[in-house]
*Asks:* 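Quick one: structure below, then a few questions.
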Protein chains: 2
Amino acid sequence: MKRDSRLSTVLHVLLHMADPSGPVRSDVMARAANTNPVVIRRTMAGLKQAGFVRSEKGHGGGWELNCDLDKVTLRDIYLALGSPTLLAMGNRTESPGCLVEQAVNRALGQTFDEAEALILERFGGVTLAQLAADIRGNHKHQEHTHAS
Amino acid sequence: MKRDSRLSTVLHVLLHMADPSGPVRSDVMARAANTNPVVIRRTMAGLKQAGFVRSEKGHGGGWELNCDLDKVTLRDIYLALGSPTLLAMGNRTESPGCLVEQAVNRALGQTFDEAEALILERFGGVTLAQLAADIRGNHKHQEHTHAS
DNA sequence: TTTCACGTAACATATGAAGTTACATGAAAC
DNA sequence: GTTTCATGTAACTTCATATGTTACGTGAAA
């Protein structure tokens with residue numbers, strides 16, 4: 001499959017919206033993200049439904065943040081996107097009759113579950129405000145975000 | 001993309017080969033794995049090159065194990081498969097000029113790197129022999145393989 | 001009423017795993 | 001040595017999914 005970059009894209013445009021210069025149109029975001037306005041709107045739909053952003057039609061319309069950057073984590077954004085698949089690998093058959101395959105599934109599945117849990121935990125530990133601060137210059141904090 | 005199940009498949013057939021009843025043909029493995037002989041041969045090619053299995057043509061031919069199950073880990077098998085992509089998500093652009101996107105990439109990339117490292121570490125901690133033992137009945141060990 | 005921007009369906013494109021067909025290669029059986 | 005068998009591999013096709021695009025409906029401001 002193609003690598004899923006929706007989270008990357010949506011974080012990018014969200015943080016661009018963070019500096020409060022009025023509503024941002026889909027086509028402007030699309031240009032910044034080097035993609036298509038429809039792709040932006042489609043991707044933002046989940047965030048809107050989750051209440052993280054709002055949008056207005058017509059003249060002067062566009063997208064605005066509708067949340068406290070301190071209270072929203074990458075995990076929240078990920079969930080709002082519909083929890084897209086994290087791992088590119090999986091078990092061949094989910095409920096096999098074969099004992100051998102069941103054992104393989106247990107071993108692999110355990111590792112896959114741990115990896116997914118780790119990702120969600122890390123996502124949950126980063127707020128949009130932290131990312132915004134990171135952008136404003138203090139990149140040194142980045143290194144020990146989770147090591148502290 | 002379709003979920004990659006090559007590791008799952010190849011472990012399945014490898015462990016079936018573990019009980020020493022002579023060479024196993026691709027079509028037999030394919031039937032067991034509910035797939036196609038060519039897919040099996042294609043997938044096994046890397047394992048053969050890595051020396052974990054050998055194959056013979058002609059009458060009485062087929063595939064046999066060529067390694068010590070105690071010495072080969074899931075990580076070795078994964079690498080022999082050509083280290084297929086582990087994560088379904090990635091950064092939209094790998095080397096963006098935009099500072100905002102750079103910050104997003106750092107945050108996401110760090111998490112992705114950790115997740116991949118975790119998976120490889122877990123894979124490295126499980127030998128084929130352990131899986132084979134697991135199949136032979138002592139499923140209780142499974143739970144605390146890594147918690148011990 | 002016109003213009004603008006979102007909302008969304010429908011379709012096109014791209015990527016990569018998996019499935020399939022066809023045939024060459026080499027080894028054992030006869 | 002010829003036949004049979006199994007791998008090795010190229011060259012498709014199929015399938016799933018993210019992404020890109022076109023077209024048009026909807027509602028709000030000018």
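Reckoned from all heavy atoms, side chains included, excluding hydrogens, waters and symmetry mates. None of these values were measured; they are calculated from a predicted model. Per chain, numbering begins at 1; letters A, B, ... match sequence-line order.
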*Asks:* Looking at B:Glu56, I want to see if its CD is surrounded by more than 12 non-hydrogen atoms of other residues, nucleotides or ligands under 6.0 Å.
*Replies:* no
*Asks:* What is the distance from CD of A:Glu64 to C1' of C:dA5, rounded to the nearest Å?
*Replies:* 13 Å
*Asks:* Nearest of C:dA18, D:dT26, C:dA29 to any side-chain atom of A:Lys57?
*Replies:* D:dT26
*Asks:* Can you confirm whether B:Glu64 is buried at CD, in the sense that more than 12 heavy atoms of other residues, nucleotides or ligands lie under 6.0 Å from that atom?
*Replies:* yes
*Asks:* Kindly say if A:Ser55 contacts the phosphate of C:dG7, meaning a side-chain N or O under 4.0 Å from OP1 or OP2.
*Replies:* yes
*Asks:* Rounded to whole angstrom units, what separation is found between the CZ atom of A:Arg54 and the P atom of C:dA5?
*Replies:* 18 Å
*Asks:* Less than 4.0 angstrom between a side-chain N/O of A:Ser5 and OP1 or OP2 of D:dA18, yes or no?
*Replies:* no
*Asks:* Within this structure, what is the CZ-to-P distance between A:Arg31 and D:dT21, rounded to whole angstrom?
*Replies:* 13 Å
*Asks:* Begin from the C-alpha positions of A:Met89 and A:Phe112 and carry the test side chain to side chain contact (heavy atoms under 4.5 Å, CB included) through to its verdict.
*Replies:* CA-CA 8 Å; A:Met89 300 185 47; A:Phe112 293 154; 3.9 Å; yes
*Asks:* Within the 4.0 Å heavy-atom criterion, would you say A:Gly60 contacts the bases, only the backbone, or no part of the nucleic acid?
*Replies:* nothing
*Asks:* For DNA chain D, which residues in residues 35-45 of chain A have a heavy atom at a distance below 4.0 Å?
*Replies:* A:Thr35, A:Asn36, A:Val38, A:Val39, A:Arg42
*Asks:* On DNA chain D, nearest-nucleotide positions of A:Gly58 versus B:Glu56: which is more 5'?
*Replies:* B:Glu56
*Asks:* What integer distance in Å separates B:Met89:CE from D:dT19:C1'?
*Replies:* 15 Å
*Asks:* Take the protein atom CZ of B:Arg25 and the nucleotide atom C1' of D:dT4, then report the distance between them rounded to whole Å.
*Replies:* 13 Å
*Asks:* Closer than 3.5 angstrom, by distance alone: can the side chain of B:Asp113 be matched with the main-chain N or O of B:Gln110 as a donor-acceptor pair?
*Replies:* no
*Asks:* Please say whether more than 12 non-hydrogen atoms of neighbouring residues, nucleotides or ligands are located less than 6.0 Å from CG in B:Asn66.
*Replies:* yes
*Asks:* Please report the distance, rounded to the nearest Å, between CG in A:Leu86 and C1' in D:dT17.
*Replies:* 15 Å
*Asks:* Strictly below 4.0 Å: does A:Ser26 bring a side-chain N or O up to OP1 or OP2 of C:dC6?
*Replies:* yes
*Asks:* Between A:Met29 and A:His59, name the one whose nearest nucleotide on DNA chain C is closer to the 5' end.
*Replies:* A:His59
*Asks:* With a 4.0 Å limit, can you tell me whether B:Lys48 has a side-chain N or O closer than that to the phosphate oxygens OP1/OP2 of D:dG8?
*Replies:* yes
*Asks:* Is the shortest side-chain N/O distance from B:Arg6 to OP1 or OP2 of C:dA18 below 4.0 Å?
*Replies:* yes
*Asks:* Can you tell me how far C1' of D:dT17 sits from CG of A:Leu81, to the nearest Å?
*Replies:* 15 Å
*Asks:* Counting N and O atoms only, with roles assigned by atom type, does the side chain of A:Arg75 sit under 3.5 Å from a partner on the main chain of A:Glu121, one being a donor and the other an acceptor?
*Replies:* no
*Asks:* If you measure from CH2 on A:Trp63 to CZ on A:Arg41, what distance do you get to the nearest 0.5 Å?
*Replies:* 8.5 Å
*Asks:* How long is the line joining CG of B:Asp27 and P of D:dG8, in whole Å?
*Replies:* 13 Å
